[in-house]
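Here the structure comes first, spelled out in structure tokens, and everything after it is commentary.
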Amino acid sequence: TAFVFPGQGSQQVGMGRAWVEGFAAARATFEEADETLGFALSTLCFDGPEDELQLTANTQPAILATSVAIWRVVRERSGVEPALVAGHSLGEYTAHVAAGTLTLADALRLVRRRGELMQEAVPVGVGAMAAILGLDAAAVAAVAEEASRNGEVCAVANYNAPTQIVVAGHAPAVERAMTLAGEAGARRAIPLPVSAPFHSPLMAPAREGLTPDLASVSFADPDPPVVVNIDARPVDDGAGARDALVRQIDGPVRWVESVEWMASEGGIERFIEVGPGSVLRGLVRKIVAGATTAGIAEPSDLEALDASAER
């Protein structure tokens with residue numbers, strides 16, 4: 001079994017409320033988050049307002065806290081011991097909390113700062129992201145390269161599924177990439193409602209800004225190992241975990257290769273998504289034919305976890 005943790009885009013007002021109402025471990029998690037950050041993150045998760053929850057500097061700690069709250073209940077209730085853990089982008093920090101690499105408090109402070117730096121790196125409107133559907137990785141990489149001109153950059157940011165790939169960069173270059181993708185036979189090219197071109201070379205200032213923060217925090221050796229986005233391979237030492245988080249900021253999320261490695265080399269037969277939303281289990285099914293998946297987003301999902309364990 002592998003636990004996988006969602007990233008930005010899975011947030012929704014109301015997330016975590018049912019867990020806090022039903023489980024002491026979840027209540028304690030949100031209380032720690034509020035105390036660590038010095039504001040009522042829990043209220044933002046439970047009640048919004050949505051426009052504030054969508055701000056990157058709020059979204060990232062909100063998803064982290066919600067996912068950790070759910071994971072703590074799952075661990076307490078199910079006794080499932082994952083062989084590997086992984087997270088999509090921001091979710092890699094959650095995976096490190098689950099693996100004991102980072103404390104919750106340190107992870108919250110880091111992702112809060114990460115969100116601020118990512119937003120500050122590129123003024124709103126200068127950067128963009130788009131999802132390209134129906135082309136393989138090589139075709140999208142060629143499109144991104146062709147779209148990069150006049151000093152404007154477009155690069156592959158997320159390899160989410162074999163034919164679901166995200167590009168990011170300067171807005172005009174991303175627009176060119178969308179047009180070129182259509183000409184190359186893409187089924188669709190969809191602009192994403194994000195405030196910055198995440199996981200692109202334009203995030204270099206955010207990488208530079210967060211590196212000292214990551215260096216100042218204690219990293220334990222992950223147990224179980226964490227399959228990291230930037231290398232699509234597991235790390236089992238604290239120094240390697242820190243280095244991967246530095247490089248992840250302006251490097252691509254290699255989710256397809258990460259899941260493929262877990263299934264083929266890591267021996268993973270069951271992927272359990274822990275946290276709000278259902279994005280990752282859908283991607284896993286597109287990457288590994290016949291994969292057993294489960295998702296734990298609401299307390300009622302605990303029954304599905306028990307059932308999948310019985311199978």
Among M203, R254, E92, side chain to side chain contact (heavy atoms under 4.5 Å, CB included) partner for Q248: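 Result: among M203, R254, E92, E92 is the only option passing the side chain to side chain contact (heavy atoms under 4.5 Å, CB included) with Q248.
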
So which of T29, D34, T36 actually passes side chain to side chain contact (heavy atoms under 4.5 Å, CB included) with E32?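 Among T29, D34, T36, the one meeting side chain to side chain contact (heavy atoms under 4.5 Å, CB included) with E32 is T36.
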
Going by atom types alone, do [X] and [Y] pair a side-chain donor with an acceptor below 3.5 Å?
X    : Y    : result
E269 : T1   : no
N58  : E52  : no
R285 : T293 : yes

Test ring pair (Phe, Tyr, Trp, His ring centres under 6.0 Å) on Y93 and F5 and set out the steps. CA-CA 9 Å; Y93 286 80; F5 298 96; over 10 Å; no

So how far is it from [X] [atom1] to [Y] [atom2], rounded to the nearest 0.5 Å?
X    : Y    : atom1 : atom2 : answer
I296 : R77  : CD1   : CZ    : 10.5 Å
M118 : T59  : CE    : OG1   : 12.0 Å
R233 : D236 : CZ    : CG    : 14.0 Å

Are [X] and [Y] close enough that some pair of their side-chain heavy atoms sits under 4.5 Å apart?
X    : Y    : value
H170 : C154 : no
V13  : L53  : yes
V4   : I272 : no
L283 : Q164 : yes
V156 : V166 : no
H96  : V235 : yes
W261 : P234 : yes
V256 : N160 : no

Apply salt bridge (charged side-chain N to carboxylate O under 4.0 Å, His left out) to [X] and list each qualifying residue two or more places apart in sequence or on a separate chain.
X    : result
R247 : D231, D243
R114 : none
R109 : D106

Could you check whether any side-chain N or O of [X] sits under 3.5 Å from a backbone N or O of [Y], counting only pairs where one atom can act as donor and the other as acceptor?
X    : Y   : result
Q11  : G9  : yes
N229 : S89 : yes
H88  : G7  : no

Heavy-atom closest pair (L135 atom, A184 atom, distance to 0.1 Å) is CD2-O, 3.6 Å

[X] with [Y], same ILVMFWY side-chain cluster at under 4.5 Å:
X    : Y    : answer
L104 : F3   : yes
V111 : L280 : no
L55  : F198 : no
L302 : M15  : yes
V279 : I63  : no

Lys/Arg N to Asp/Glu carboxylate O, R112 vs E116, below 4.0 Å: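 Salt bridge: yes.
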
Could you list the residues that satisfy ring pair (Phe, Tyr, Trp, His ring centres under 6.0 Å) with W19, not counting sequence neighbours?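 So W19 forms a ring pair (Phe, Tyr, Trp, His ring centres under 6.0 Å) with F23.
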
Just to verify, what does Y159 make a ring pair (Phe, Tyr, Trp, His ring centres under 6.0 Å) with, not counting sequence neighbours? none

With side-chain hydrogen bond (donor to acceptor under 3.5 Å, both in side chains) as the rule and sequence neighbours excluded, what pairs involving [range] come up?
range            : answer
residues 119-131 : Q119-S195
residues 204-221 : R207-D250
residues 129-153 : E152-R176

Side chain to side chain donor-acceptor pair (under 3.5 Å) partners for D47, two or more places apart: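 Partners of D47 under the side chain to side chain donor-acceptor pair (under 3.5 Å) test: R17.
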
For S200, enumerate each residue passing the side chain to side chain donor-acceptor pair (under 3.5 Å) test, keeping only those at least two apart in sequence or located in another chain. none

Which pairs with one or both residues in residues 273-283 pass salt bridge (charged side-chain N to carboxylate O under 4.0 Å, His left out), sequence neighbours excluded? E273-R281

Between F271 and V259, does a side-chain contact (heavy atoms from CB on, under 4.5 Å) hold up when you go through it step by step? CA-CA 9 Å; F271 295 82; V259 172; 4.0 Å; yes

For A130, which residues count as a side chain to side chain contact (heavy atoms under 4.5 Å, CB included) partner, sequence neighbours excluded?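 Here the qualifying residues are V167, V174, M178.
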
